[in-house]
Amino acid sequence: METNSIETRKDKKSGPNFIHQIIEEDIRTNKYGGRVHTRFPPEPNGYLHIGHAKSICLNFGTAEKYNGLCNLRFDDTNPAKEETEYVESIKEDVRWLGFDWGEREYYASDYFERLYEYAVKLIKKGKAYICDMSAEEISTNRGTPSKPGIESPSRNRSVDENLTLFEQMRTGKFPDGSKVLRAKIDMASPNMHLRDPVIYRILHAEHHRTENKWCIYPMYDFAHGQSDSIERITHSICTLEFEVHRPLYDWFIRELEIYAPQQIEFARLNLTYTVMSKRKLLDLVQNGSVKGWDDPRMPTICGLRRRGYTPESLRAFSEKVGVAKRENVIDVALLEHCIREDLNKRAIRVMGVLNPLKVIITNYPEGVTENLTAINNPEDESMGTRQIPFSRDIYIEKEDFMENPPKQFFRLSPGNEVRLRYAYFIKCTDVVKNQNGEIIELHCTYDPASKGGKSPDGRVVKSTIHWISAHSALKAEILLYDRLFLKEAPDEVEEGKNFIGYINPDSLKIITGFVEPWLHDAKPESKYQFERLGYFCVDKDSSHEKLIFNRTVTLKDTWAKIIKKRIGK
RNA sequence: UGUCCUGUGGUGUAAUUGGUAACACGUCUGACUCUGGAUCAGAAGAGUCUAGGUUCGAGCCCUAGCAGGACAACCA
């Protein structure tokens, strides 16, 4: 009862997004017999990124919400760019995000025969013709947005001649680029897409699925809408740039007299400090700025997965960014919030020291190891506890000690007592330095009565720091990732510059740290919180011989903020 | 000089379809705490691109502007 009222207060949700409003109206008016059928239609020519994740969540999520279906369809009309490898990676990513397309895995290439017949129908109606001009000629004759185009000399060929030529195109009589099939619409249309668009081109290329069956291929514009029609999609959700194509799709559907889906456009996702275009992501991979498509700094789904993002966090993110038509740039802080929120509930807490400083507890017996109990997750008692070894020599984080601390520094300093998490209170008695004056070791004393972290006399310490027992510490390679770009909007390049120039030179720091022995058997992709530091996940290349952790995201850090402010002033 | 789309706190998204701007992230306080995490309590921050108009009443309707974006691949 109480929880309920809290939930209704907290989850006071805003109204349905504009697409859902349209759908709800369509259901109400029985427009498609109450049916809701969407599709996610990627081209298998690259890896999916977080922008696609938004689209996937929208399409599959919408179908789920309204008890409908969502197809996975590959728009594979360009054999030159598409590969089976991409088909596989896309399927893996969609599945990983938690969506299921059942038996409904389709390909535009499955419809090539039907599309060919559609083209023939257009020719027979006098609505399409074979054009002999070259690509350049077609382009220059198309005019500009403000100047009408010029009609092709081939425009008034007879239906019979067009039919014959199209048939010959299919049988391979003509070389690439020598002829195209064009829709006969209006060379003076203010909409460029209606100026006799090319709908079929000759391409003597092997297709990843139809192999060498075809040497002519439909253009995307002539395949996409009809594919939606064939699949009896009710709501064809796509991004804004296809808004101007809609009149063309509607024209095809009308002239072909086939089932008409409804296209609705929404604004694609943009993220601060991130580039999202396939071209730029490819550039990053090819010029070696990152190690590959699944580099944890990439906004690709496989990159985010390797970074330690969970499907749940990505779905929550997709929900929070909303759906609208206005162009937007989402603060990556929202993405980071989503993964912290998810991992906070689920990740096991462990201790890891990234930048070790040796501490000798001088009044602790030598050669003794005792086990202390640590809580696996204070947010979830059911996750239990574990034992961690403690001994005379330990490592703490270098940043957790200051010889001459400012007022706001609560951690270890000469004379200041702190708690070693789950262990004892310690006090620093000596600072050992090398010849260069660098601190290399600390001597401390501990209070045996404070075992477990509580002092019987009730005295309080202001700070708790993490540590690792020196002899049982496990070495691990730790990859500290930061944002890939220094500039909030890396797409906005200044004169004569390139977005590559905005890359953060410190986006990756590789260090060797220590972690609890308990992590020896940690499995790839498993996620942990290193207490006080952040969330880390085991890299897929990690092994018993060499443990590798990726930092997914840091914890929120008030102290870091204070420092930043002091430096700023 | 064209056509289409979009303008609401720093960033996103809402506003029960004309009733006096809400939620999230971020920011800032404070409480609590064996993570300077989490949690909890609170604050600041927009008067809705501009100007007219309709109306008792406009972020929502009308008119005219302004600003931003998309469109000229045999790419998708």
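Note: hydrogens, waters and symmetry copies are ignored here, and every other heavy atom, side chains too, is used. Chain naming here is simple, since letters A, B, ... match the order of the sequence lines and numbering starts at 1 in each.
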For [X], which contact category applies under a 4.0 Å heavy-atom criterion: base, sugar-phosphate, or nothing?
X	result
A:Phe409	base
A:Gln21	sugar-phosphate
A:Arg195	nothing
A:Val461	nothing
A:Arg411	base
A:Glu265	nothing

[X] [atom1] to [N] [atom2]: how many Å, rounded?
X	N	atom1	atom2	result
A:Leu271	B:C25	CG	P	17 Å
A:Asn270	B:U11	CG	C1'	13 Å
A:Lys320	B:U13	NZ	C1'	12 Å
A:Leu343	B:U35	CG	P	19 Å
A:Ile465	B:G37	CD1	P	16 Å
A:His337	B:G37	NE2	P	14 Å
A:Leu248	B:U3	CG	C1'	15 Å
A:Lys54	B:U13	NZ	P	7 Å

Before accepting this row, confirm whether a basic side-chain N of the pair [X]/[Y] lies closer than 4.0 Å to the acidic partner's carboxylate O.
X	Y	answer
A:Arg532	A:Asp557	no
A:Glu43	A:Lys81	no
A:Arg386	A:Glu516	yes
A:Glu231	A:Arg39	no
A:Arg73	A:Asp110	no
A:Arg157	A:Asp132	yes

Rounded [atom1] spacing from [N] to [M] in Å:
N	M	atom1	answer
B:U11	B:U50	C1'	23 Å
B:A14	B:G69	C1'	23 Å
B:U55	B:U63	C1'	16 Å
B:U17	B:C71	P	37 Å
B:U6	B:U39	C1'	40 Å
B:U48	B:G10	P	13 Å
B:A21	B:U35	C1'	39 Å
B:A44	B:A22	P	12 Å

Check your understanding: From A:Thr84 OG1 over to A:Tyr86 OH, what is the distance, rounded to the nearest 0.5 angstrom?
Key ->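 Nearest 0.5 Å value for the OG1-OH distance: 11.0 Å.
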OP1 or OP2 of [N] sitting under 4.0 Å from any side-chain N/O of [X]?
X	N	value
A:His466	B:U35	no
A:Ser189	B:U3	no
A:Lys561	B:U27	yes
A:Lys345	B:A38	no
A:Lys556	B:G26	yes

Check your understanding: Between the side chains of A:Tyr249 and A:Asp221, is a donor N or O closer than 3.5 angstrom to an acceptor N or O?
Key ->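 Looking only at side-chain atoms, A:Asp221 and A:Tyr249 do form a donor-acceptor pair, the distance falling under 3.5 Å.
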**Study point:** Residue met sooner reading RNA chain B from 5', once A:Asn344 and A:Glu243 are mapped to nucleotides
**Key:**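 Result of the comparison: A:Glu243.
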Check your understanding: For RNA chain B, what is the dot-bracket line, given that a base pair needs Watson-Crick (N1 to N3, plus N6-O4 or O6-N4) or G-U wobble (N1-O2 and O6-N3) geometry with both distances under 3.5 Å, and | means paired with another strand?
Key -> .((((((..((((.....[..)))).(((((.......))))).....(((((..]....))))))))))).....
**Study point:** Nucleotide-resolved protein contact map, nucleotides 70-76 of chain B, B/S/- at heavy-atom distance under 4.0 Å
**Key:** SSBSBSB
Point to revise | Nucleotide nearest A:Gln529 when distance is taken to its side chain, options B:A24, B:G37, B:U35 | key: B:U35
Is the distance between the ring centroids of [X] and [Y] less than 6.0 Å?
X	Y	answer
A:Phe112	A:His207	yes
A:Phe166	A:Tyr200	yes
A:Phe317	A:Tyr309	no
A:Tyr528	A:Phe536	no
A:Phe390	A:Trp467	yes

Exercise for review: Kindly say whether, by distance alone, the side chain of A:Arg532 makes a donor-acceptor pair under 3.5 Å with the base of B:G36?
Suggested key: no
Review point. Can you name the closest pair of heavy atoms from A:Arg155 and A:Glu151 and give their distance?
Key: NH1-OE2, 3.4 Å
Check your understanding: Hey, is B:G10 sitting syn or anti, using the within-90° cutoff around 0?
Key -> anti
Practice item. Specify the residues of residues 375-389 of chain A, ordered by number, for which at least one heavy atom lies under 4.0 angstrom from an atom of RNA chain B. Key: A:Pro378, A:Glu379
